[in-house]
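Quick caveat, the model's predicted, so the values are computed rather than measured. So you know, we letter chains A, B, ... as the sequences are listed, proteins then strands, and number each from 1.
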Amino acid sequence: MTVTTRFAPSPTGYLHIGGVRTALYSWLYARQHGGRFILRIEDTDLERSTPESVNAILEGMAWLGLDYDQGPFYQTQRFDRYRDVIQQLLAQGDAYYCYCSKEELEQLRSEQLARKEKPRYDGKCRDQETANDDRSPVVRFKNPKTGVVTFNDAVKGPITVSNQELDDLIIARGDGTPTYNLTVVVDDWDMGVTHVIRGDDHINNTPRQINILSALGAKPPVYAHVPMILGADGARLSKRHGAVSVLQYREQGFLPEALLNYLVRLGWSHGDQEIFTLDELVEKFRLETVNAAPSAFNPEKLVWVNHQHIMTAAPEHVARHLRPYLEQRGIDPEAGPDLKAVVLLLRERSKTLIEMAEGSRYFYQEFEDYDAKAAQKNFKGEAAQVLATLAKQFAELTDWQADALHQVVIDTSETLELKLGKVAQPLRVALTGTGQSPSIDATLALLGRDKTLSRIDRALAFIQQMGKAKS
RNA sequence: GUCCCCAUCGUCUAGCGGUCCAGGACUCCGCCCUUUCACGGCGGCAACGGGGGUUCGAACCCCCCUGGGGACGCCA
């Protein structure tokens with residue numbers, strides 16, 4: 001049987017970072033076994049499912065590059081199939097109509113809670129026909145009353161639950177629509193899912209699902225319940241911890257493979273290796289060695305991982321991802337040096353694509369103002385003389401290359417008998433408007449002669465005005 | 001409350017009975033490199049939750065406690 005995994009989110013919000021990790025594990029497992037990966041949208045909750053959420057999921061998956069071989073399937077399009085299964089269960093005596101009202105159930109629950117018992121349906125309608133035409137009945141699955149359910153979880157190990165802990169769960173609502181525990185079972189079965197990889201908040205559902213499966217005469221898949229991701233305070237990761245939607249990470253300038261790399265290491269490791277390409281992960285990832293313990297999300301390490309990827313990825317790849325952030329900021333990548341070269345220059349000092357986009361600005365457009373502190377510190381003393389000297393030589397330079405430019409800077413500092421910093425810093429501020437940039441020769445080389453000369457002119461004018469303002 | 005899951009530095013983790021007075025990574029702090037900012041290099045701080053067993057020997061196995069998380073919906 002070909003390995004088949006799936007990711008089955010419900011479209012009731014954004015694509016959660018925790019969901020992404022289980023999707024990644026599922027995707028990796030399928031890919032490394034030459035299997036299939038399915039995307040299924042669990043939208044049976046008509047009240048809460050929205051098309052916007054569906055789009056967010058699809059867009060998130062596309063951005064991450066987690067491609068699926070089948071789907072997206074929508075459960076709302078499979079209602080006929082679920083209805084058939086429910087009828088079958090009813091017919092064979094494994095399910096029954098329940099006429100208990102919500103109020104009755106609520107009362108039962110509070111009584112049980114008062115008695116410090118686990119709230120569960122008491123099976124009132126299980127054996128007696130209490131048909132009541134005034135209300136539309138739900139359908140309940142007839143869970144075995146005795147025995148235990150055991151399964152060997154691929155990450156948690158063997159888990160056993162007594163059937164006495166399980167009640168008769170609702171598989172069809174009063175309006176006839178199916179509920180989650182029925183639809184997952186039917187879908188995973190129909191779609192030939194061999195490995196169900198999901199959050200461990202589903203552990204408690206698993207025995208019920210296995211019981212339904214066996215009532216249907218189907219063999220259960222392998223289950224792998226991966227632990228939840230926690231926030232810094234140890235509570236389940238949620239909105240109040242900051243960004244939890246994948247798309248927010250895209251907005252913040254993360255590379256998709258970096259996010260994935262960070263997420264895979266949350267609960268899994270391969271020796272001391274921290275940085276993985278996607279291909280390496282497909283090769284090295286092992287479901288069986290995923291930790292059973294939950295782990296906390298650490299944004300600082302994510303930033304570090306992102307930086308590592310920015311530094312090591314192919315420059316054209318980074319450039320391609322950088323473009324949207326440039327456009328967002330009104331920076332035209334055609335109005336200056338080749339983007340790849342800029343990436344090469346900036347990648348060691350850009351932890352995110354946002355930082356890189358901001359840092360590349362002066363290559364493509366004129367900056368508004370000089371950084372006040374930088375100007376004050378560096379546009380004084382012999383700065384004007386330095387800049388004028390440099391400008392003269394730059395104008396005459398035949399070979400506009402980093403080495404030659406470097407030599408000009410050195411020569412100038414020697415002729416004027418100034419320390420290198422006294423030459424390079426004023427020039428840096430003149431060219432970039434700020435006190436920090438990549439090495440001055442590389443910056444000059446990429447900026448080109450025209451922009452260099454015009455910016456030195458501008459700086460000279462600015463310095464003159466500063467002088468006037470003072471006197 | 002009941003049931004289920006979990007437990008090594010602040011965080012992510014290595015460790016799978018002796019080679020561990022516990023290794024790596026992030027963060028933080030020093031130093032070095034350096035024309036700025038970075039990258040990088042070197043060094044430092046920092047952990048086996050507690051108690052019982054088992055064993056010649058336990059971070060590793062078992063039990064209890066404690067702590068954390070999850071489930072208990074006509075949500076998924």
Which part of the nucleic acid, if any, lies within contact of [X], taking any heavy atom under 4.0 Å across all strands shown: a base, the sugar-phosphate backbone alone, or nothing?
| X | value |
| --- | --- |
| A:Glu165 | sugar-phosphate |
| A:Lys422 | nothing |
| A:Gly234 | sugar-phosphate |
| A:Ile440 | base |
| A:Lys301 | base |
| A:Pro9 | nothing |
| A:His202 | base |
| A:Gly359 | nothing |

I'd like to know if the side chain of [X] reaches the main chain of [Y], judged simply by a donor and an acceptor atom lying under 3.5 Å from each other, with no hydrogens or angles considered.
| X | Y | result |
| --- | --- | --- |
| A:Asp43 | A:Gln75 | yes |
| A:His241 | A:Arg236 | yes |
| A:Arg40 | A:Arg6 | no |
| A:Asn163 | A:Thr146 | yes |

- Verify the contact: side-chain N or O of A:Ser295 to OP1 or OP2 of B:U13, cut-off strictly under 4.0 Å; return yes or no.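 Answer is yes, contact under 4.0 Å.
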- Message: Quick check on B:A14: is either OP1 or OP2 less than 4.0 Å from any side-chain nitrogen or oxygen of A:Ser269?
- Response: yes
Counting side-chain heavy atoms from C-beta on, which of [options] comes nearest to [X]?
| X | options | result |
| --- | --- | --- |
| A:Arg109 | B:C37, B:G73, B:G1 | B:G73 |
| A:Glu300 | B:C26, B:C4, B:G69 | B:C26 |
| A:Asn298 | B:G10, B:A71, B:C4 | B:G10 |
| A:Ala424 | B:A76, B:U35, B:G24 | B:U35 |
| A:Leu105 | B:C74, B:G40, B:C12 | B:C74 |
| A:Tyr180 | B:A76, B:A71, B:U35 | B:A76 |
| A:Ala293 | B:C3, B:C12, B:A7 | B:A7 |
| A:Pro119 | B:C72, B:U35, B:C39 | B:C72 |

- Message: What's the separation between atom CD in A:Gln273 and atom CD in A:Glu280, rounded to the nearest 0.5 Å?
- Response: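 With rounding to 0.5 Å, CD (A:Gln273) is 5.0 Å from CD (A:Glu280).
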- Item | A:Ile275 CD1 to A:Gln308 CD distance, which is reported to the nearest 0.5 Å |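 The distance works out to 5.0 Å.
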Base-pairing mate for [N] - Watson-Crick or G-U, with both contacts under 3.5 Å:
| N | value |
| --- | --- |
| B:C9 | none |
| B:G1 | B:C72 |
| B:C37 | none |

- Item | Nucleic acid contacts of residues 72-88 of chain A, taken as heavy-atom distances under 4.0 Å to RNA chain B | none
- Task: In sequence, state the C-alpha distance, the side-chain angles, and the governing distance for A:Asp167 and A:Arg208, and then conclude on side chain to side chain contact (heavy atoms under 4.5 Å, CB included).
- Result: CA-CA 9 Å; A:Asp167 64 356; A:Arg208 302 168 177 286; 3.1 Å; yes
- Item | For atom CD1 of A:Ile170 and atom P of B:A76, their distance in whole Å | 11 Å
- Task: Please confirm whether any donor atom in the side chain of A:Arg349 sits under 3.5 Å from an acceptor in the base of B:C39, or the reverse.
- Result: no
